[in-house]
There are 2 protein chains.
Amino acid sequence: MQGVEAFLESKSIRVTAMRILICNFLSDKHEAVALSDIEHAFDKADRTTLYRTIKTFEEKEIVHQIDDGTGVTKYALCEPNCHCDLDTDLHLHFHCTQCGSTICLTDHKIPKIKVPKGFIAEHVNLVVKGICDKCSIN
Amino acid sequence: MQGVEAFLESKSIRVTAMRILICNFLSDKHEAVALSDIEHAFDKADRTTLYRTIKTFEEKEIVHQIDDGTGVTKYALCEPNCHCDLDTDLHLHFHCTQCGSTICLTDHKIPKIKVPKGFIAEHVNLVVKGICDKCSIN
DNA sequence: TAATTCATGCAATGGAAGTGCATTAATTGA
DNA sequence: TCAATTAATGCACTTCCATTGCATGAATTA
Ligand SMILES: [Mn+2]
Ligand SMILES: [Mn+2]
Ligand SMILES: [Zn+2]
Ligand SMILES: [Zn+2]
């Protein structure tokens with residue numbers, strides 16, 4: 001698609017076939033994905049390339065990492081106005097223990113957390129585990 | 001020490017030399033420890049034994065796991081009146097990005113987290129990253 | 001076009017978690 | 001006390017994921 005290429009260029013990410021595919025894959029999936037998910041979606045692609053592509057996306061700040069506690073790092077596209085680097089606009093992440101999916105709750109911001117005197121809070125990782133909306137209706 | 005043996009027995013954990021050592025090690029350290037930390041503290045001990053000892057401690061609920069996002073699981077002794085299994089009494093964990101230590105902020109409970117309609121929150125993992133009290137004075 | 005820079009692919013490494021099985025230590029109960 | 005049973009320990013091995021070095025291919029620039 002035209003749009004993705006322009007998007008990547010606007011973030012000064014050089015456009016390649018692989019990068020377009022991965023970017024589209026991330027935007028189509030409405031949940032966070034592991035490297036292995038992408039790997040299985042594109043058999044012909046090498047894991048290292050995927051790894052470095054995601055890393056590039058992270059550095060250029062169109063993707064953010066999620067540590068959902070499963071031991072496998074997940075990734076998701078950032079929202080249009082996201083500032084992953086700053087501490088503003090950090091949203092919750094939800095991990096469903098039934099279907100295993102991890103999703104961004106972009107409308108739910110992390111509350112201000114108090115820490116004891118002498119401690120300096122710079123970043124907060126908050127993952128809620130439980131049953132997601134799709135699994136809870138069954 | 002007499003105390004530790006009685007403590008283990010009170011939790012129906014069979015007392016062994018290794019378990020006393022590890023339990024003391026955990027209580028002396030005032031921060032969460034990784035398996036490799038214990039491994040290095042007791043060269044003669046086998047990693048598998050440490051692994052299973054910690055697992056036993058967890059099952060008997062005298063130790064809780066901490067996922068601080070470093071990719072290495074940390075462990076810490078539970079507070080006297082802790083109910084790790086339940087969702088009450090969950091305290092914050094702080095990971096210092098300077099000295100690498102991870103500590104329990106037992107006096108700071110995790111605030112109630114709202115999730116969207118249809119989602120059921122069962123557990124929350126919250127890790128604050130930043131500079132700890134010891135590192136911030138330098 | 002030639003030189004350079006960057007992306008990709010393959011192979012290998014390393015760390016950590018976890019398991020099977022044999023051996024040793026502790027407990028039970030006859 | 002001694003034999004039978006059960007639990008703890010140690011060693012070897014495996015799996016999974018993350019990460020890097022190096023060679024090659026593609027794209028950009030001068
Ligand atoms: Mn997110
Ligand atoms: Mn704790
Ligand atoms: Zn689900
Ligand atoms: Zn520190």
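All values below come from the heavy atoms of this structure, side chains included, with hydrogens, waters and symmetry mates left out. Residue numbers start from 1 in every chain, and the chains themselves are labelled A, B, ... in the order their sequence lines are given, proteins ahead of strands. Keep in mind it's a predicted model, so treat the numbers as computed, not measured.
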Quiz item: Got a sec? Which of residues 29-50 of chain A come in under 4.0 Å of DNA chain D, heavy atoms?
Solution: A/Arg47, A/Thr48

Quiz item: When we call it a touch if two heavy atoms are under 4.0 Å apart, what does B/Arg52 touch: a base, just sugar-phosphate, or nothing?
Solution: base

Quiz item: Between D/dA18 atom C1' and A/Lys74 atom NZ, what is the distance in whole Å?
Solution: 15 Å

Practice problem: Indicate yes or no for a side-chain donor-acceptor contact from B/Ser136 to the backbone of B/Ile131 under 3.5 Å, with no hydrogens or angles considered. | Solution: no

Practice problem: Determine which pairs satisfy side-chain hydrogen bond (donor to acceptor under 3.5 Å, both in side chains) with at least one residue from residues 49-59 of chain B, sequence neighbours left out, and list them in order. | Solution: B/Tyr51-B/Lys55, B/Glu58-B/Gln65

Write out a two-atom table: protein N or O, nucleotide N or O from nucleotides 23-30 of chain D, distance below 3.5 Å.
none

Quiz prompt | Note, B/Ile38 side chain near B/Phe25 side chain (heavy atom, < 4.5 Å) | solution = yes

Quiz item: In residues 96-104 of chain A, which ones come under 4.0 Å of DNA chain C, going by heavy atoms?
Solution: none

Quiz item: Any side-chain heavy atom of A/Cys23 within less than 4.5 Å of one from A/Leu8?
Solution: yes

Quiz item: Contact class for A/Thr56 (heavy atom, under 4.0 Å): base, sugar-phosphate, or nothing?
Solution: nothing

Quiz item: First and last nucleotide of DNA chain C touching chain B, 5' to 3', heavy-atom cut-off 4.0 Å?
Solution: C/dA16 to C/dT27

Quiz item: Rounded to whole angstrom units, what separation is found between the NZ atom of B/Lys55 and the P atom of D/dA7?
Solution: 18 Å

Quiz item: Does any N or O in the side chain of B/Lys117 come within less than 3.5 Å of the main-chain N or O of A/Asp133, such that one atom is a donor and the other an acceptor?
Solution: no

Quiz item: Distance from A/Asn125 atom CG to A/Ile110 atom CD1, nearest 0.5 Å?
Solution: 7.0 Å

Quiz item: Are A/Cys104 and A/Ile66 side-chain neighbours, meaning at least one heavy-atom pair lies under 4.5 Å?
Solution: yes

Quiz item: Is the side chain of B/Lys129 donor-acceptor paired with the backbone N or O of B/Asp68 at a distance under 3.5 Å, no angle test?
Solution: yes

Practice problem: Check whether any side-chain heavy atom of A/Glu122 lies under 4.5 Å from a side-chain heavy atom of B/Thr97, and answer yes or no. | Solution: yes

Exercise. Classify the side-chain pair A/His95/A/His93 by whether it contains a donor and acceptor separated by less than 3.5 Å.
Key: no

Self-check item: Candidate pair B/Tyr75 and B/Phe57, rule ring pair (Phe, Tyr, Trp, His ring centres under 6.0 Å), full reasoning
Solution: CA-CA 10 Å; B/Tyr75 304 90; B/Phe57 284 2; over 10 Å; no

Quiz item: Over how many whole Å does the gap from A/Ile54 atom CD1 to D/dT19 atom P extend?
Solution: 13 Å

Quiz item: Just wondering, do A/Val124 and B/Val127 contact through their side chains at under 4.5 Å, heavy atoms?
Solution: no

Quiz prompt | Qualifying side-chain hydrogen bond (donor to acceptor under 3.5 Å, both in side chains) pairs, either residue in residues 34-46 of chain A, two or more places apart | solution = A/Asp46-A/Thr48

